[in-house]
Protein chains: 2
Amino acid sequence: MGPTIKDIAKEVGVSHSTVSRALNGDPRISAATRQKVLEAAERLGYQPNLSGRGLAHGKVFSIGLVIPDILEPFFARVVNGVSQVAYRAGFNLILYLTHADRRMEMAALQQIGHGRVDGMIIMARKVGRQSVLALRRHKVPIVLLIETMPEAGFDGVRVNNEGGAMQAVNHLLGLGHKRIACITGPRHASDARERLRGYRQAIRAAGVDPDAEGLIFKGNFTEQSGAEAVDRMIQLPPDRRPTAIVAMNDATALGAMNRLARHGIVVPDEMAVVGFDDMPFARFVHPGLTTVRQPIEELGKAAADLLIARIRGEVKEYREVVLNTQLIVRESCGSGRARSHPSEKEC
Amino acid sequence: MGPTIKDIAKEVGVSHSTVSRALNGDPRISAATRQKVLEAAERLGYQPNLSGRGLAHGKVFSIGLVIPDILEPFFARVVNGVSQVAYRAGFNLILYLTHADRRMEMAALQQIGHGRVDGMIIMARKVGRQSVLALRRHKVPIVLLIETMPEAGFDGVRVNNEGGAMQAVNHLLGLGHKRIACITGPRHASDARERLRGYRQAIRAAGVDPDAEGLIFKGNFTEQSGAEAVDRMIQLPPDRRPTAIVAMNDATALGAMNRLARHGIVVPDEMAVVGFDDMPFARFVHPGLTTVRQPIEELGKAAADLLIARIRGEVKEYREVVLNTQLIVRESCGSGRARSHPSEKEC
DNA sequence: GTGAAAGCGCTAACAC
DNA sequence: GTGTTAGCGCTTTCAC
């Protein structure tokens with residue numbers, strides 16, 4: 001182990017508590033003493049031992065982040081966001097990759113009780129209710145990301161999926177579309193449900209009943225399901241056929257676009273398509289996919305900000321942060337206007 | 001804070017050191033006492049505090065991992081490998097993302113001195129020699145990944161780049177190619193240099209002097225540089241033109257393939273191409289790119305294994321681990337044989 | 001303004 | 001086999 005405050009104390013000729021105070025900026029310490037202590041610390045290459053500090057005042061200056069899989073770009077970007085905020089605030093980031101394995105998840109959550117982290121950000125597709133609820137007895141702050149549990153009183157950060165879907169629909173309405181179809185996501189996914197709700201709401205606001213008009217097509221977030229939905233659409237008589245599709249994620253949109261191309265239907269001229277997520281490929285497909293972008297890094301940052309505020313006691317009451325999406329307009333839904341810039345613009 | 005060994009001691013009616021011993025499996029403790037202690041611990045929901053433990057015996061059961069960027073799939077896969085080994089061995093993983101920023105790098109390395117980690121795996125393109133060397137005064141084990149520093153006596157894990165290039169060349173030789181060109185990587189990258197060395201060696205072993213024959217084309221790991229190299233190749237008189245290309249990474253190979261296509265040169269019939277890295281896109285381009293795969297997750301695992309062995313004192317002397325690559329044969333270099341399976345096979 | 005002393009949770013050397 | 005005690009590095013009362 002490196003030099004300790006006692007070494008500095010010996011060096012300077014004061015007590016170790018004086019050294020501690022000097023290093024922590026206690027105003028009672030004289031400028032002269034502080035100066036000498038800081039110099040000695042520098043000279044000896046002193047670095048505070050965090051186990052000691054942690055033991056003394058119960059903080060370890062680490063936050064934990066639980067995610068299923070780091071290979072998934074979505075999660076990687078969350079990590080990026082969290083880490084930036086954490087470092088800046090002087091916290092270390094401890095990463096727990098669960099691979100969606102329940103046992104790994106449990107083990108990660110256990111770490112809270114070990115005093116290894118001052119707080120935890122949890123992003124798990126379906127975190128076991130029991131296991132999370134059990135965490136509350138430690139008073140360690142917890143922030144749930146994406147899949148929140150407001151009923152249980154956990155702090156949460158999530159995306160305004162409803163609003164995102166409405167952005168997509170409203171954009172299409174603005175382009176003059178009347179029959180706007182939707183390809184849904186799986187019912188068990190809460191974000192898919194929220195997006196569907198937003199879609200319904202925006203369509204109804206335009207005076208159309210999407211269910212009565214048969215505009216809702218089942219999907220499950222896969223390319224395959226997008227393609228199949230298109231197959232069903234084109235069997236409809238022309239006057240009942242939609243002129244635009246809102247897919248609940250980009251994979252579905254991609255599947256739909258490819259299948260449309262195979263049927264010789266030109267996007268966007270004969271059919272507009274909007275996705276959701278703004279996956280990397282959305283920029284590269286042809287035509288570029290208009291889609292609803294989730295502010296992924298910002299989610300991570302917001303979660304870290306909230307968690308650290310809780311740790312510091314700056315936030316006392318329950319809080320939920322909802323971030324808005326952003327519609328990224330590319331070529332896949334056409335436009336009445338001339339296209340000023342080559343590819344994309346934000347709304 | 002949760003219950004401590006003192007609470008258990010009170011509950012059971014023994015001293016706290018007896019509790020500690022019982023929990024740690026000290027053989028001197030009677031079965032009856034141990035039983036009672038374990039029960040009480042369970043009942044109270046006891047979890048050892050790691051700051052306390054860390055302070056007492058100098059281990060914190062955490063390892064640090066320094067990487068430039070988590071969004072890069074290469075690094076994400078390393079994280080994945082490291083984390084698996086770490087968790088299994090009971091170590092937490094503390095992640096430091098430097099974004100190739102020297103100050104972040106320094107800050108991360110500082111953590112060693114804070115006693116926050118028992119060891120550190122460092123993967124930085126060009127880690128400042130000074131800063132790393134300064135780390136040696138702490139006796140904390142360090143493993144360098146990819147860019148090793150054997151001269152400085154640091155443990156390291158790296159890839160057999162030389163051997164990988166030889167695999168590529170030998171495969172082409174086996175297919176009957178005589179004039180096998182190479183598109184190099186940037187000179188400052190050690191892996192690029194190693195691959196070039198392997199290429200030269202394998203070609204020479206076949207009785208050809210690649211330099212005299214003008215088979216070496218400058219590149220810099222970018223698509224652009226691959227395309228430009230192809231431009232230079234096709235200006236050569238037919239008898240001096242290569243029949244196969246070994247690109248020092250997949251991006252270069254991709255650039256070369258695209259440019260060949262534009263010139264109407266058919267891969268693999270008129271020109272064979274081999275890449276290096278096995279990036280995700282290598283499977284999806286047409287024709288599928290034969291390439292040299294780096295065992296990325298295994299690199300992470302090997303580094304973690306080595307580090308933990310060091311921490312445990314199981315390894316005393318300097319050690320360097322070199323992992324072999326694997327040639328992934330797809331369609332881009334043709335084959336005399338009929339293709340049995342649709343896409344790929346391993347050598 | 002500074003020192004002495006206690007204590008955070010745990011391990012381990014030393015008694016008995 | 002178990003209790004007592006000291007100590008890991010640090011913060012923080014309480015004295016003066």
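Letters go in sequence order (proteins before strands), and every chain restarts at 1. Side chains included, hydrogens not; waters and symmetry mates left out as well; all remaining heavy atoms used.
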Regarding [X], tell me which of base, sugar-phosphate or nothing describes its non-hydrogen contacts under 4.0 Å with the strands shown.
{"X": "B:Ser20", "result": "base"}
{"X": "A:Asp26", "result": "nothing"}
{"X": "A:Ser17", "result": "base"}

Side chain of B:Gln111, backbone of B:Val117: donor and acceptor closer than 3.5 Å?
->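 Answer holds: no.
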Between the side chain of B:Asp101 and the main-chain N/O of B:Thr98, is any donor-acceptor distance below 3.5 Å?
->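 Such a contact is absent between B:Asp101 side chain and B:Thr98 backbone.
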With a 4.0 Å heavy-atom cut-off, tell me which residues in residues 2-10 of chain B come close to DNA chain D, sorted by residue number.
->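 Those residues: none at all.
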For DNA chain D, find the residues of residues 46-58 of chain B with a heavy-atom distance under 4.0 Å and give them by number; none if there aren't any.
->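 Correct list: B:Leu55, B:Ala56.
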Nearest whole angstrom, please: distance from the P of D:dC10 to the CZ of B:Arg116.
->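 Those two atoms, CZ and P, are 13 Å apart.
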For atom CG of A:Leu23 and atom P of C:dT2, their distance in whole Å |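 A:Leu23 atom CG is separated from C:dT2 atom P by 13 Å.
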Side-chain donor or acceptor of B:His16 under 3.5 Å from a matching atom on the base of D:dT2?
->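 No such pair is found, so the answer is no.
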Identify which nucleotide among C:dA5, D:dG3, C:dG3 has an atom closest to any side-chain atom of A:Val14, counting heavy atoms from C-beta outward.
->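 Minimum distance to the A:Val14 side chain belongs to C:dG3.
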Minimum-distance nucleotide (side-chain atoms of B:Thr18 versus C:dC10, D:dT12, D:dT2) =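 When the side chain of B:Thr18 is considered, D:dT2 is the closest of C:dC10, D:dT12, D:dT2.
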Under 4.5 Å between any side-chain heavy atoms of [X] and [Y], yes or no?
{"X": "A:Ile67", "Y": "A:Leu97", "answer": "yes"}
{"X": "A:Pro48", "Y": "A:Leu23", "answer": "no"}
{"X": "A:Val12", "Y": "A:Thr18", "answer": "no"}

Is it true that B:Glu11 and B:Arg43 have a side-chain N and a carboxylate O under 4.0 angstrom from each other?
->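 Answer for the salt bridge query: yes.
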Can B:Arg102 and B:Glu105 be counted as an ion pair, charged N to O under 4.0 angstrom?
->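 Yes, B:Arg102 and B:Glu105 are salt-bridged.
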Using a cutoff of under 3.5 Å, can you pull out all pairs of nitrogen or oxygen atoms linking the protein to nucleotides 14-16 of chain C, with atom names and distances?
none

With sequence neighbours excluded, residues passing ring-ring contact (aromatic ring centres under 6.0 Å, His included) with B:Phe91 |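 Testing B:Phe91 for ring-ring contact (aromatic ring centres under 6.0 Å, His included), a comparison that skips the adjacent residues, returns B:Phe61.
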Is the closest side-chain donor-acceptor distance between [X] and [Y] under 3.5 Å?
{"X": "B:Arg116", "Y": "A:Ser62", "result": "yes"}
{"X": "A:Asn92", "Y": "A:Tyr87", "result": "no"}
{"X": "B:Arg21", "Y": "B:Thr33", "result": "no"}
{"X": "A:Asp191", "Y": "A:Asn161", "result": "no"}

Could you tell me, to 10°, how much the axis swings from one end of the helix from C:dG1-D:dC16 to C:dC16-D:dG1 to the other, five pairs per end?
->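 So the angle between the two local helix axes works out to 40°.
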Below 3.5 Å, can you tabulate the donor-acceptor pairs from side chains in residues 309-316 of chain B to any protein atom, sequence neighbours excluded?
from     : atom 1 : to       : atom 2 : distance (Å)
B:Arg310 : NE     : B:Asp155 : OD2    : 2.5
B:Arg310 : NH1    : B:Lys316 : O      : 2.7
B:Arg310 : NH2    : B:Asp155 : OD1    : 2.9
B:Arg310 : NH2    : B:Asp155 : OD2    : 3.1
B:Arg310 : NH2    : B:Glu317 : O      : 3.1

